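Note that the coordinates shown come from a computational prediction; the quantities given were computed from them, not determined experimentally. Proteins come first, then strands; the chains are lettered A, B, ... in the order of their sequence lines, and each starts at number 1.
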Amino acid sequence: MDYKDLANLIFPDAKPIEVYEKMYPERNLPDGAIVTRFAPSPTGFVHIGGLYQALCAKLVANRTKGVFFLRIEDTDQKREIENGIEGIISSLKDFDVEADEGMISEDEWKGEYGTYKQSSRKDIYQAYAKYMIELGKAYPCFCSPEDQEELRKKQENAKIRPGYYGVWAKCRNLSIEEMAEKIKAGEPYVVRFKSPGREDRKVQCHDLIKGKVVFPENDMDIVIIKSDGLPTYHFAHLVDDHLMRTTHVIRSDEWLSSLPLHVQLFSEAGFKAPKYCHISPIMKNDNGNKRKLSKRKDKEAAVSYYSEIGVPPDAVKEYLVNIANSNFENWRRANKDAKIEDFEFQLNKMSVSGALFDMVKLLDVSKGVISRYSAEEVYNESLKYAEKYDPKLKKMLDNKEYSMKVLGIERGNNKPRKDISKWSDVRENIIYMYEKPTEYDFDKITGDEVKKVASEYLKVFDINDDKQMWFDKMKDTAEKCGYAREVKEYKSEPEKWPGHVGDISTAIRVMISGRRNTPDLYEIIKVLGKDEVIARLEVFAK
RNA sequence: GGCCCCAUGGUCAAGCGGUUAAGACAUCGCCCUUUCACGGCGGAGACAUGGGUUCGAUUCCCGUUGGGGUCACCA
């Protein structure tokens with residue numbers, strides 16, 4: 001009996017790998033094209049870090065005329081979640097980070113290298129596991145969880161490195177006949193990789209982001225096929241990325257330490273290893289400690305959070321690219337209207353250490369993104385947000401013609417207003433354009449003086465005045481009330497007046513809007529209309 | 001604990017042996033014919049630490065400290 005017989009005994013129905021090698025040939029792509037992927041587990045939840053990876057992958061694949069595909073890694077049935085795949089696909093769609101190929105629904109896919117769902121690729125993994133057994137590079141292991149627990153304890157007590165390796169790998173030394181016998185007797189088993197590595201030797205691996213990394217060789221006989229017949233991550237990675245002809249594996253940092261294993265796996269299987277890019281995770285400051293954004297503790301970890309607070313997807317992407325390639329910021333300044341996709345994104349410019357997530361900066365980026373929107377876009381996006389999350393805003397926006405005017409104030413010029421950083425800001429931002437203020441935040445001028453200002457201004461107010469005329473009348477009112485016409489005059493001799501035209505206009509601003517900080521008063525008055533303005537002023541004139 | 005990675009202002013970061021150590025966010029002034037926002041100008045603010053190597057180290061090497069990752073039939 002030889003390895004081939006053993007392989008046949010374990011996987012009698014598995015096809016020879018040539019079948020798959022032929023079915024999924026090398027891709028015919030231009031030189032330098034990068035084939036990469038986003039390979040999440042279908043928990044339905046897309047982490048901001050996942051989006052970050054996917055975005056980097058897509059950017060770099062598209063830029064090189066390569067392929068970005070979506071593979072679902074669902075080999076752990078315990079973690080399975082209803083509609084998990086749909087959740088991922090729709091999140092990617094929301095951010096316009098859609099894959100060129102891969103899963104497009106729970107069980108449909110596009111592309112020539114499918115299926116892209118690991119749970120449906122059992123036959124393929126088994127074919128390759130069989131191949132490994134034939135080569136004598138994998139073997140069945142009959143150790144029970146209890147056996148392994150015992151092994152671990154023994155190693156711990158002896159203070160030696162725990163794990164299934166070398167002399168501790170009991171089953172690797174079973175004879176083929178013994179193995180066959182146990183299989184025939186129906187003993188449960190897993191398939192393990194027979195590692196040729198030695199812990200006292202070093203391997204050098206290259207990572208496109210981290211650079212040169214040196215590890216002890218892997219000597220663990222890791223499980224490649226679990227007792228349920230599905231592969232572990234490591235083996236699925238080997239088979240899938242080989243067969244899907246991935247050139248660059250872009251994945252999270254936490255995989256870095258299994259790099260020696262993966263490199264060894266590719267080498268032992270006789271396949272060309274992809275290039276690796278390990279991305280540092282996005283961190284959060286938690287009481288002075290850095291830690292990964294956590295799905296459970298941090299609301300901002302979920303990509304869905306950003307649509308809930310109304311940060312446009314573009315802004316989130318822009319922020320993320322910002323973290324990834326810090327030269328993006330300069331590029332953006334020089335290319336205000338260009339698409340993110342046109343930016344020459346580079347993997348090797350990514351930071352080796354994890355960045356702290358900075359909501360303030362995100363909102364600043366978002367502010368810039370929204371300031372470039374037209375009034376119509378702001379209207380449409382606010383409306384979409386309102387329909388989902390803010391009924392009161394929705395009601396306001398129902399008057400489209402008026403709302404467009406409101407949202408168009410100081411917008412569309414070369415110094416557009418930047419006061420909206422998320423759609424959830426909009427209602428508070430413009431509410432006074434829809435209803436009379438209920439509170440008034442007066443500053444310097446109060447009481448009787450307010451009355452005086454209101455009545456003086458009402459005497460001259462004309463909705464049809466042009467801006468210059470309007471402003472001149474503001475100055476006239478200031479003078480009438482005993483205030484300086486010009487700010488400069490006042491500043492040179494501040495003892496001469498109680499204040500200047502700015503104080504007067506602020507008072508009027510407050511009467512009209514309730515607040516001291518608004519966009520251009522002249523435009524507000526124009527949009528509000530004669531009757532409303534007069535009505536609001538009259539409240540104080542009486 | 002073993003192994004691995006990392007370390008520049010509050011945050012994100014340029015920098016690759018000789019620099020007045022960029023820039024962005026945040027912060028603080030001033031300016032922009034009224035507020036706010038925008039924009040402009042300016043201020044404050046950093047190379048974790050100890051040893052080497054070198055004529056010279058933020059940059060290279062080693063130790064220390066600190067942070068992070070990883071040690072599964074989870075991915």
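The stretch residues 209-218 of chain A comes close to RNA chain B through V213(A), V214(A), F215(A), P216(A), each having a heavy atom under 4.0 Å from the strand.
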Under 3.5 Å, which donor-acceptor pairs link side chains of residues 468-475 of chain A to any protein atom two or more places apart or in another chain?
from    : atom 1 : to      : atom 2 : distance (Å)
Q468(A) : NE2    : D472(A) : OD1    : 3.2
W470(A) : NE1    : Y457(A) : OH     : 3.0
K473(A) : NZ     : V460(A) : O      : 2.9
K473(A) : NZ     : D465(A) : OD1    : 3.3
K473(A) : NZ     : D465(A) : OD2    : 2.7
K475(A) : NZ     : E486(A) : OE2    : 3.2

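Counting non-hydrogen atoms under 4.0 angstrom, K284(A) reaches nothing in the nucleic acid. S351(A) comes within contact range of the sugar-phosphate backbone alone, with a heavy-atom separation under 4.0 Å but no base atom that close.
By the 6.0 Å and 45° rule, K182(A) stacks over the aromatic ring of F142(A). A cation-pi arrangement, defined by a distance under 6.0 Å to the six-membered ring centre and an angle within 45 degrees of its axis, is absent between R71(A) and F38(A). No cation-pi contact links R332(A) to F328(A), judged by a cut-off of 6.0 Å to the six-membered ring centre and 45° from its axis. A cation-pi arrangement is absent between K137(A) and F193(A) under the rule of less than 6.0 angstrom and at most 45 degrees off the ring axis.
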Open item on the list: Across nucleotides 68-75 of chain B, 5' to 3', mark each nucleotide with B, S or - according to how protein heavy atoms within less than 4.0 Å reach it.
Closed with: SSS--BBB

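Side-chain proximity of K491(A) to rC31(B), rA24(B), rA37(B): nearest is rC31(B). Considering only the side chain of R417(A), rA37(B) comes nearest among rC25(B), rA37(B), rU33(B). Comparing atom distances between the V360(A) side chain and each of rU33(B), rU35(B), rA26(B) picks out rA26(B) as nearest.
Counting only Watson-Crick and G-U wobble pairs whose two key distances fall under 3.5 Å, RNA chain B forms stems of three or more stacked pairs at B:1-7 with B:65-71, B:10-12 with B:23-25, B:27-31 with B:39-43, B:48-52 with B:60-64.
For residues 348-361 of chain A, every residue pair satisfying the salt bridge (charged side-chain N to carboxylate O under 4.0 Å, His left out) rule, not counting sequence neighbours, is listed here: E329(A)-K361(A).
Under 3.5 Å, the side chains of T43(A) and R79(A) contain no donor-acceptor pair of N or O atoms. Side-chain contact of Y483(A) with E449(A): a donor-acceptor pair under 3.5 Å is present, judged by distance alone. A side-chain donor-acceptor contact under 3.5 Å links S119(A) and D74(A).
Aromatic rings from Y276(A) and H237(A) are positioned such that their centres are separated by under 6.0 Å.
Checked for salt-bridge contact, R509(A) and D441(A) miss the test: no charged N lies under 4.0 Å from a carboxylate O.
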Could you list all N or O pairs between the protein and nucleotides 39-41 of chain B that sit under 3.5 Å apart?
from    : atom 1 : to      : atom 2 : distance (Å)
rG39(B) : OP1    : K418(A) : NZ     : 3.3

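For rA13(B), the OP1/OP2 oxygens have no side-chain nitrogen or oxygen of K361(A) closer than 4.0 Å.
Aromatic ring orientation, F69(A) versus Y116(A): tilted (interplanar angle from 30° to 60°).
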